[in-house]
Amino acid sequence: MKAKNLNTLIVGGGNVAHEKLTFLLKSSPNAKVTMVSPMYRKNTKELANKHGVEMIEGKYHEYLLGGKHVVIATTDIPEVNEQVYYDCRNNSVLVNVADNPPYCDFYMGGIVTKGNVKVAISTNGKSPTTAKRLRQFFEEVIPENIDDLVKNLNKYRETLKGDFEEKVETLNEFTKGLIEKRS
């Protein structure tokens, strides 16, 4: 999803809210986010202020869904999270209730971002820790300059002639060396 084109609401202001906000802003620094919570952790406030996130101090109410496309419920009160889920379902708004897969329209797995390269990792909500560890692994092994390769391949792609299938075949042949073992 292109979060910069969507209006997102995060319900909650604790550690899980901070984690979800960090994830969202890492993959889309220009995301349009509003948060609602009776309290916010200091690090959440700092991150939100740095990225222009609107913070509403107070309790969740259904009217906050107006104009929202995506909602992430992160409170430690199951009844609030479930109410958010049902309100979103009734208002045709996509929802993710953190750590509660049956109440999710989508999962927020790990994302490794290196310029234009984004690697998404999901365990379908079964093991967020595994997704986190895989994200950490890929952040280490994917080189920082991978974006240079993508930009150069895009320039090369623009010079190719022929239909889509011919272009794919040419690019596949050209990039085969990236995965072949060197002796």
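Predicted model, so just to flag it, every value in this text is computed and none were measured. Excluded from the calculations below are hydrogen atoms, water molecules and symmetry mates; all remaining heavy atoms, backbone and side chain alike, are included.
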Q: If hydrophobic clusters are built from ILVMFWY residues whose side chains come within less than 4.5 Å, do Val70 and Ile111 share one?
A: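 Yes; Ile111 is reachable from Val70 via cluster members.
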Q: Do Asn154 and Glu158 pass the side chain to side chain donor-acceptor pair (under 3.5 Å) test, and can you show the C-alpha distance, the side-chain angles, and the key distance before you say yes or no?
A: CA-CA 6 Å; Asn154 186 56; Glu158 290 172 355; 3.3 Å; yes
Q: Set out, in order, the CA-CA distance, both residues' side-chain angles and the distance that settles side-chain contact (heavy atoms from CB on, under 4.5 Å) for Val95 and Cys104, then state yes or no.
A: CA-CA 6 Å; Val95 63; Cys104 294; over 6 Å; no
Q: Grouping I, L, V, M, F, W and Y whenever their side-chain heavy atoms are under 4.5 Å apart, do Val36 and Met39 come out in a common cluster?
A: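 No, Val36 and Met39 fall in different hydrophobic clusters.
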Q: With no hydrogens and no angle check, is any side-chain donor or acceptor of His69 less than 3.5 Å from a backbone partner on Leu6?
A: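 No.
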Q: For residues Glu19 and Asn15, is any side-chain donor paired with an opposing acceptor at under 3.5 Å?
A: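 Looking only at side-chain atoms, Asn15 and Glu19 do not form any donor-acceptor pair under 3.5 Å.
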Q: So, does Asn96 use its side chain to make a donor-acceptor pair with the main chain of Phe106 at under 3.5 Å?
A: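 At least one qualifying donor-acceptor pair exists.
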Q: Looking at CG of Leu65 and OG of Ser92, how far apart are the two atoms once the value is rounded to the nearest 0.5 Å?
A: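 The distance works out to 11.0 Å.
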Q: Is it the case that atom NZ in Lys68 sees more than 12 heavy atoms from other parts of the structure closer than 6.0 Å?
A: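 Yes, NZ of Lys68 has more than 12 neighbouring heavy atoms, counting only those of other groups under 6.0 Å.
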Q: How long is the straight-line distance from CG of Asn7 back to OG1 of Thr34, given to the nearest 0.5 Å?
A: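 Spacing of OG1 (Thr34) from CG (Asn7) equals 7.0 Å.
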Q: For the pair Glu173 (side chain) and Thr170 (backbone), establish whether a donor and an acceptor sit closer than 3.5 Å, ignoring hydrogens and angles.
A: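 No; judged by distance alone, with no hydrogens or angles, the pair does not exist.
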Q: Enter the distance from Thr8:OG1 to Lys32:NZ here, rounded to the nearest 0.5 Å.
A: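 Rounded to the nearest 0.5 Å, the OG1-NZ separation comes out at 9.0 Å.
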Q: Is it the case that one hydrophobic cluster holds both Val141 and Val119, taking links as side-chain heavy atoms less than 4.5 Å apart, direct or via other members?
A: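 Yes; Val119 is reachable from Val141 via cluster members.
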Q: Using a strict cut-off of less than 4.0 Å between a Lys/Arg side-chain nitrogen and an Asp/Glu carboxylate oxygen, indicate whether Lys26 and Glu139 qualify as a salt bridge.
A: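 Salt bridge: yes.
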Q: Look only at the side chain of Asp147 and the backbone of Asn116, and say whether a donor-acceptor pair between them is shorter than 3.5 Å.
A: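 Present.
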Q: Check whether the side chains of Glu62 and Asn90 place a donor and an acceptor atom closer than 3.5 Å, and report yes or no.
A: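 The answer is no; no qualifying pair exists.
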Q: Quick one: does Ser127's side chain have a donor or acceptor within less than 3.5 Å of a partner on Thr130's backbone?
A: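 Pair found, side chain donor or acceptor close to backbone of Thr130.
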Q: Is it the case that the side chain of Ser28 and the backbone of Leu24 share a donor-acceptor pair, with hydrogens and angles ignored and the cut-off at 3.5 Å?
A: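 Not at all, since once roles are kept as given, no pair shorter than 3.5 Å links the two residues.
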Q: State, yes or no, whether a side-chain contact exists between Leu149 and Asn152 at a heavy-atom distance under 4.5 Å.
A: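 Sidechains of Asn152 and Leu149: no contact.
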Q: Does any non-hydrogen side-chain atom of Leu47 lie less than 4.5 Å from one of Asn43?
A: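 Contact flag for Asn43/Leu47 side chains = no.
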Q: Is the closest side-chain heavy-atom distance between Thr123 and Tyr107 below 4.5 Å?
A: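 No, side chains not in contact.
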Q: Whether the side chain of Thr74 engages the backbone of Val11 through a donor-acceptor N/O pair (distance < 3.5 Å, no angle test) should be reported.
A: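 It does hold such a pair.
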Q: Tell me, with the steps shown, if Val97 and Val84 meet side-chain contact (heavy atoms from CB on, under 4.5 Å).
A: CA-CA 8 Å; Val97 176; Val84 170; 5.6 Å; no
Q: Nearest 0.5 Å please: distance from the CD1 atom of Ile10 over to the NZ atom of Lys20.
A: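 Separation between the atoms: 9.5 Å.
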Q: Output the distance between atom CE (Met55) and atom CE (Met35), rounded to the nearest 0.5 Å.
A: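 Answer rounded to 0.5 Å: 8.0 Å.
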Q: List the atom of Ala31, the atom of Leu25, and the distance in Å for their closest heavy-atom pair.
A: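 That would be CB-CD2, 4.2 Å.
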Q: Looking at Glu169, I want to see if its CD is surrounded by more than 12 non-hydrogen atoms of other residues, nucleotides or ligands under 6.0 Å.
A: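 Open: at most 12 neighbouring heavy atoms sit under 6.0 Å from CD of Glu169.
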Q: Any donor and acceptor pair, going by atom type alone, linking the side chain of Tyr86 with main-chain N or O of Asn81 inside 3.5 Å?
A: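 Checking the backbone N and O of Asn81 against the side chain of Tyr86, no donor-acceptor pair under 3.5 Å is found.
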Q: Do Tyr40 and Glu57 pass the side-chain contact (heavy atoms from CB on, under 4.5 Å) test, and can you show the C-alpha distance, the side-chain angles, and the key distance before you say yes or no?
A: CA-CA 8 Å; Tyr40 295 95; Glu57 287 203 26; 3.8 Å; yes
Q: Pair Leu171, Tyr156 - check side-chain contact (heavy atoms from CB on, under 4.5 Å), show working.
A: CA-CA 9 Å; Leu171 282 170; Tyr156 177 65; 3.7 Å; yes
Q: Over all heavy atoms of both residues, which pair between Gly14 and Thr44 is shortest? Give the atoms and the distance, please.
A: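 So the minimum-distance heavy-atom pair works out to O-OG1, 3.9 Å.
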Q: Would you call the rings of Tyr103 and Tyr85 parallel, tilted or perpendicular, where under 30° means parallel and over 60° means perpendicular?
A: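 Ring orientation of Tyr103 relative to Tyr85: perpendicular.
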Q: Under a 3.5 Å distance rule, please check whether Lys114 uses its side chain to pair with a backbone N or O of Ile142 as donor and acceptor.
A: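 Answer holds: yes.
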Q: Is there a path of hydrophobic side-chain contacts, each under 4.5 Å between heavy atoms of I, L, V, M, F, W or Y residues, that connects Ile72 with Val93?
A: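 Shared cluster, no.
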Q: Kindly determine whether Glu82 and Asn100 satisfy side chain to side chain donor-acceptor pair (under 3.5 Å), including the steps that lead there.
A: CA-CA 10 Å; Glu82 289 175 20; Asn100 200 335; 4.9 Å; no
Q: Examine Val117 and Leu153 and state if one hydrophobic cluster contains both, with Ile, Leu, Val, Met, Phe, Trp and Tyr joined whenever side-chain heavy atoms are less than 4.5 Å apart.
A: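 Val117 clusters together with Leu153.
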Q: What distance separates Lys4 NZ from Asn30 CG, expressed to the nearest 0.5 Å?
A: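 The CG atom of Asn30 is 6.5 Å from NZ of Lys4, to the nearest 0.5 Å.
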Q: Test salt bridge (Lys or Arg N to Asp or Glu O under 4.0 Å) on Lys167 and Asp163 and set out the steps.
A: CA-CA 6 Å; Lys167 289 179 180 182; Asp163 65 15; over 6 Å; no
